[in-house]
Amino acid sequence: MLDARFVRENIALLMKAMENRACDVDLSAFPAMEEERLKLLKESEELRNKRNVVSEEIGRLKRQKQDAESLVSEMKGVSDRIKEIDETLKGIDERTGLFLLNIPNMPHESVPVGKDETENIEIRKWGEPRTFDFPALNHWDIAETLGIIDFERGAKIAGARFSVMKGPGARLERALMNFMLHLNTEKGYTEIFPPLLVNRESMTGTGQLPKFEAELFRTVDPEFYLIPTAEVPVTNLHRDEILREDQLPIYYTAYTPCFRREAGSYGKDVRGLIRQHQFNKVEMVKFVKPENSYDELEKLTANAEDILQKLGLPYRVIVLCTGDMGFSSAKTYDIEVWLPGQNKYREISSCSNFEDFQARRANIRFKREGKKGTEFVHTLNGSGLAIGRTLVAILENYQQQDGTIAVPEALRHYMGMDVIK
RNA sequence: GGAGAGGUGGCCGAGCCGGUCGAAGGCAGCCGCCUGCUAAGCGGUUGUGGGGGUAACACCUCACCCAGGGUUCGAAUCCCUGCCUCUCCGCCA
């Protein structure tokens, strides 16, 4: 969320930013709405002030057993008027609030302007895509042959976009989770295992709601939302808190299952493990001081890259252009891993700086030593990494002619085997 | 699931037969005094958000005693709803 004051004072700047984002929110009505809101607010407050003063006077008169009837009836009118104004004000507040909640974040100045994913820019590449002297298979073919992923039964017991991991497949999933958590915690991230169902406030805090309701799974009675990423519960850990300066930066890492409706993605990645309603992910989340957040973004991205390097998986890093960035982000790097089965790079991590966008929504502040007042922290997060897609990358990159999979060196300890066969 | 108790400032804890309560007292923190140093002691001070105001402070004002409604001239205090915590019983991994 952006600051109401900022919006009304920088309307032109903002309209340009929204255009770059290919976002169609119409900001033109906002200044007039704000003017009206502030006018009513002032009137309401003045009346309240009057009521406070006179009510005190009434109390004094009554204690002295004097007549206060005329004042009482006058204040009755004042209270009615306040109620009336507040009613109107409440309507405007709701509209303003909803309006602000639906405006995406402002892109950072370093973000390339572009309309969609075709205008993202490659920043760097690591590793050479391996060449095979046999036809490289898709991970679903590899996995089904090895009997380590069962898509059919996944569909039977749950539905499309669900799958069952089995034997070494299940073990590989677990190995990756442990490997990533170990690596991240060694780098100073504190491990968190949060609730997987959260309330509406948490979803609003990180920006999923109110705009993206259709992408979330929800329980009915009582109402909870299933997390689409650990970003939600972990960032909301400090919702409505004021942190001390010396607590920052805070680094968290969390393994969680993630649940996504994938509404509107019909026909996309229908086969295999790439796009599932339920998948596992290890996430990294940071709370930092504003002046450090872009350095922290670079470090965060490097941490995610390190995992791929240790696994020996070729990848590239791209910076998303203004038109392709997520709603809450000010700047995002995507890391794409090489998939021989598809002969292309596919997203495996997304690292973003949200600046104070989420912090303002979730009311996460900090207090500087010796300074008055509070400031919003900056929040960041990145996958480190999406486990399902990492597993896909391993199957496809480490496949061997005989259909077996060489286990990457770094995982052997966790797998207790060198080859999946 | 049944029966009770409760949610007050950074923490503990009064107030809760409505007005003098942004809220006693204690602790912690900060500033100063005292002191050879530390401790003790003394005095002062310390919340958040909005609006206005200032070059910046100061300052003025509104709101906030879990949340949302209601009663009232006036609510931390009374009423209703929700959420959360705790105790006992039952059930369960």
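FYI, side chains are in, hydrogens and waters are out, and symmetry mates aren't considered; it's all heavy atoms of this structure. These numbers come from a predicted model, not from an experiment.
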Across the strands shown, which category fits [X] at heavy-atom distances under 4.0 angstrom: base, sugar-phosphate, nothing?
X: A/Arg360; result: nothing
X: A/Lys83; result: sugar-phosphate
X: A/Arg51; result: sugar-phosphate
X: A/Asn199; result: nothing

For atom [atom1] of [X] and atom [atom2] of [N], their distance in whole Å:
X: A/Arg244; N: B/G29; atom1: CZ; atom2: P; value: 13 Å
X: A/Lys62; N: B/U72; atom1: NZ; atom2: P; value: 13 Å
X: A/Lys367; N: B/U46; atom1: NZ; atom2: P; value: 13 Å
X: A/Glu56; N: B/G22; atom1: CD; atom2: C1'; value: 14 Å
X: A/Ile92; N: B/G50; atom1: CD1; atom2: C1'; value: 16 Å
X: A/Asp240; N: B/G49; atom1: CG; atom2: C1'; value: 12 Å

#### Entry: RNA chain B-proximal residues of residues 68-79 of chain A, any heavy atom under 4.0 Å
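Contacting residues: A/Val72, A/Met75, A/Lys76, A/Ser79.
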
### Task
Could you tell me whether the phosphate oxygens of B/G49, OP1 or OP2, come under 4.0 Å of any side-chain nitrogen or oxygen in A/Arg5?
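Looking at the OP1 and OP2 atoms of B/G49, neither is under 4.0 Å from any side-chain N or O of A/Arg5.
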
### Query
Under 4.0 Å between a side-chain N or O of A/Asn49 and OP1 or OP2 of B/U61?
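False: A/Asn49 side-chain N/O out of range (4.0 Å or more) of B/U61 OP1/OP2.
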
### Message
Suppose we define a pair by two distances each less than 3.5 Å, Watson-Crick or G-U wobble; what does B/C57 pair with here?
### Response
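Across all strands, not a single nucleotide pairs with B/C57.
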
### Query
Residues two or more places apart in sequence or in another chain: which of them pass side-chain hydrogen bond (donor to acceptor under 3.5 Å, both in side chains) with A/Gln276?
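Counting only residues at least two positions away or on another chain, A/Gln276 forms a side-chain hydrogen bond (donor to acceptor under 3.5 Å, both in side chains) with A/Ser163.
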
Got a list of side-chain donor-acceptor pairs under 3.5 Å for residues 3-20 of chain A, not counting sequence neighbours?
| residue | atom | partner | partner atom | Å |
| --- | --- | --- | --- | --- |
| A/Arg8 | NH1 | A/Glu34 | OE1 | 2.6 |
| A/Asn10 | ND2 | A/Phe6 | O | 2.9 |

### Residues forming a side-chain contact (heavy atoms from CB on, under 4.5 Å) with A/Glu94, sequence neighbours excluded
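Here the qualifying residues are A/Lys90.
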
### Donor-acceptor contact present, side-chain A/Arg171 to main-chain A/Met415, <3.5 Å
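Yes.
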
### Query
Which pairs with one or both residues in residues 201-232 of chain A pass ring pair (Phe, Tyr, Trp, His ring centres under 6.0 Å), sequence neighbours excluded?
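Every pair satisfying ring pair (Phe, Tyr, Trp, His ring centres under 6.0 Å) with a residue in residues 201-232 of chain A: A/Phe212-A/Phe327, A/Phe217-A/His277.
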
### Task
Just grab all the ring pair (Phe, Tyr, Trp, His ring centres under 6.0 Å) pairs involving residues 358-381 of chain A, residues at least two apart or on different chains.
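Applying ring pair (Phe, Tyr, Trp, His ring centres under 6.0 Å) to every pair that reaches into residues 358-381 of chain A, excluding sequence neighbours, yields nothing.
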
